[in-house]
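Inspection log for the structure reproduced underneath, given as structure tokens.
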Amino acid sequence: MGTAAADLEVRQLRILGRIADLEVAAQQRRLEALSIDATPSEDGEAAAGTTEARLSSLLAARGVRDFVFRRVPADYYDRPLEERRGLLRADSVAQLCKSIVMVNTQAAADVVDCSNPKNSKYYVVVVQYMARLNAENIKNFLYELNEKQIPKKRFNMRLAPEEESHKLTGFVHNAVTCIGMETNIPVIIDEAITKLAEDFFWLGGGEVDLKLGMRTSQFTSAFSPFVVKCS
């Protein structure tokens, strides 16, 4: 290799190294920005009082590194899925998901809360907007999860009333997310989401006009949801 070619290679390596340093520094600044001090202030509210800051802190604490929040227009839910995809800059509409609270309407009388993840009164199900939820699949999963020791008729998953969902999660309609809920509700994620090639999905961000996207593998590792073929 000639001297000129060698010098060029050295310069290129330096440039690449500088780019890598800048990327690391940018990531570090982002992580530092997420290190929110949640110590209550004098007025009784957290110092970082926004929903985005609170959820960011929770995600960072769980080791989720690759996530992003985006604000959307007020008419977001009036738009077709393809337009929503564009607003979020998602790779495909398959990445657009929602968190819905479901209640077991046939649970035994002593099953009144979420203390037993295997036999909970409520579950939060994360499913794609483009998919059709199959409650029967969830019923069969829970029956098998409990080793068939609970009669199958004791599982009948239905959409929880809106006011009940709000009370359990702390989030209003179209803002529900499975991160940072008021109640520790067991989470079920549709298997189809975990199989997306991009390893990334979008869901509600705690406010109607706030959406949260994150790497699927990091989410499943951090929160250990039940992965179920529910669509």
Side-chain angles (χ1 to χ4, degrees), residues 51-52 55 59 64 66-105 120 122-142 144-145 155-162 164-166 168-169 171-181 185-231:
T51 301
E52 182 175 342
L55 298 187
L59 289 166
V64 179
D66 301 326
F67 64 89
V68 62
F69 286 89
R70 291 205 197 289
R71 290 283 174 185
V72 296
D75 66 346
Y76 176 81
Y77 285 104
D78 296 325
R79 303 191 185 200
L81 287 178
E82 181 56 36
E83 285 192 27
R84 298 188 209 175
R85 181 207 64 76
L87 290 168
L88 296 175
R89 296 174 232 166
D91 296 300
S92 70
V93 294
Q95 291 180 316
L96 276 54
C97 305
K98 56 185 173 182
S99 303
I100 55 178
V101 179
M102 301 196 75
V103 55
N104 183 1
T105 61
S120 176
Y122 301 93
Y123 289 89
V124 170
V125 181
V126 182
V127 65
Q128 295 161 300
Y129 271 99
M130 61 180 282
R132 183 173 181 176
L133 181 66
N134 189 326
E136 192 69 17
N137 284 1
I138 299 175
K139 172 181 178 176
N140 292 334
F141 167 77
L142 294 173
E144 295 290 339
L145 183 66
F155 299 106
N156 185 51
M157 304 308 298
R158 292 293 180 264
L159 187 67
E162 191 173 321
E164 215 166 329
S165 173
H166 185 191
L168 289 164
T169 66
F171 303 120
V172 299
H173 179 60
N174 284 338
V176 177
T177 183
C178 55
I179 310 297
M181 298 180 290
I185 311 175
V187 177
I188 294 173
I189 186 170
D190 190 3
E191 181 183 69
I193 301 171
T194 68
K195 292 184 175 181
L196 292 174
E198 301 85 0
D199 190 30
F200 203 89
F201 72 112
W202 288 87
L203 69 167
E207 297 176 14
V208 175
D209 66 344
L210 184 64
K211 305 305 162 193
L212 166 62
M214 73 185 93
R215 195 161 298 286
T216 316
S217 55
Q218 293 180 13
F219 167 76
T220 56
S221 176
F223 295 96
S224 302
F226 295 115
V227 179
V228 181
K229 187 178 181 180
C230 50
S231 64

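In this chain, numbering begins with 1 at the start of the sequence shown. Source: prediction; values computed, not measured.
Atoms CD1 and CZ, on Ile138 and Phe226 in that order, are 12.0 Å from each other to the nearest 0.5 Å. Between the CG atom of Asn137 and the CG atom of Asp190 there is a distance of 9.0 Å, given to the nearest 0.5 Å. If you take CE on Met130 and CZ on Arg85, they are separated by 13.0 Å, rounding to the nearest 0.5 Å. Residue Leu203 holds its CG atom at 12.5 Å from CD1 of Ile100, rounded to the nearest 0.5 Å. The CD1 atom of Ile188 sits 9.0 Å away from atom CG of Leu133, with the distance rounded to the nearest 0.5 Å. Note that CD1 of Ile179 and OG1 of Thr169 are 12.5 Å apart. Values are rounded to the nearest 0.5 Å.
For the pair Val124/Met102, no side-chain contact is recorded, criterion being any heavy-atom separation below 4.5 Å from C-beta on. Taking 4.5 Å as the limit, every side-chain heavy atom of Asp209 sits out of range of all side-chain heavy atoms of Pro73. Side-chain contact check for Val228 versus Ile189: every heavy-atom pair is 4.5 Å or farther apart. For the pair Lys98/Val176, no side-chain contact is recorded, criterion being any heavy-atom separation below 4.5 Å from C-beta on.
Between the side chain of Thr220 and the main chain of Thr216, a donor-acceptor pair closer than 3.5 Å is present. Panel note: side chain Gln128, backbone Cys97; no donor-acceptor pair is recorded below 3.5 Å. Using modelled atom types, no side-chain atom of Ser165 and backbone atom of Pro161 make a donor-acceptor pair closer than 3.5 Å. The backbone N or O of Asp66 sits less than 3.5 Å from a side-chain atom of Gln218, completing a donor-acceptor pair. For Arg70 (side chain) and Leu88 (main-chain N/O), a donor-acceptor pair under 3.5 Å exists by modelled atom type. Within the 3.5 Å criterion, the main-chain N or O of Met157 finds no donor-acceptor partner in the side chain of Asn104.
A donor-acceptor contact under 3.5 angstrom links the side chains of Glu164 and Tyr122, judged on distance only. Using a 3.5 Å distance cut-off with no hydrogens or angles, the side chains of Asn134 and Ser231 do not pair a donor with an acceptor.
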Under the criterion side chain to side chain contact (heavy atoms under 4.5 Å, CB included), I'd like the reasoning laid out for Asn140 against Glu136: C-alpha separation, chi angles, the key distance, then a yes or no. CA-CA 6 Å; Asn140 292 334; Glu136 192 69 17; 4.1 Å; yes

Give the intermediate values and the outcome of side chain to side chain contact (heavy atoms under 4.5 Å, CB included) for residues Met181 and Phe171. CA-CA 8 Å; Met181 298 180 290; Phe171 303 120; 4.2 Å; yes

What's the verdict on side chain to side chain contact (heavy atoms under 4.5 Å, CB included) for Val187 and Tyr123, showing C-alpha distance, side-chain angles and the deciding distance? CA-CA 6 Å; Val187 177; Tyr123 289 89; over 6 Å; no

Evaluate the side chain to side chain contact (heavy atoms under 4.5 Å, CB included) criterion for residues Cys230 and Val125: first the C-alpha distance (whole Å), next the side-chain angles of each, then the deciding distance (0.1 Å), finally the verdict. CA-CA 9 Å; Cys230 50; Val125 181; 4.0 Å; yes

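Partners of Thr194 according to the side-chain hydrogen bond (donor to acceptor under 3.5 Å, both in side chains) rule, which considers only residues two or more places apart in sequence or in another chain, do not exist here. Residues passing the salt bridge (Lys or Arg N to Asp or Glu O under 4.0 Å) test with Lys229: none are found, sequence neighbours excluded.
The two residues Met214 and Phe67 come nearest to each other via the heavy atoms CB-CB, 3.8 Å. Annotation for Leu212 and Gly204: closest pair CB-O, 3.9 Å, computed over non-hydrogen atoms. A pairwise comparison of heavy atoms in Leu55 and Gly205 identifies CD1-O, 3.3 Å as the closest pair. Shown here for Ala222 and Val64, the closest heavy-atom pair between the two residues is CB-CG2, 3.6 Å. What you find for Val126 and Ser99 is that their closest heavy atoms are CG2-OG, 3.8 Å. What you find for Asn156 and Thr105 is that their closest heavy atoms are ND2-OG1, 2.7 Å.
In this structure, Arg84 forms a cation-pi arrangement with Tyr129, its terminal cationic atom sitting closer than 6.0 Å to the ring centre and no more than 45° off the ring axis.
No close placement of the Phe155 and Phe141 rings is indicated, their centers lying 6.0 Å or farther apart.
Between Phe219 and Phe201, the ring planes lie perpendicular to each other; the angle is over 60°, past the 30° to 60° tilted range.
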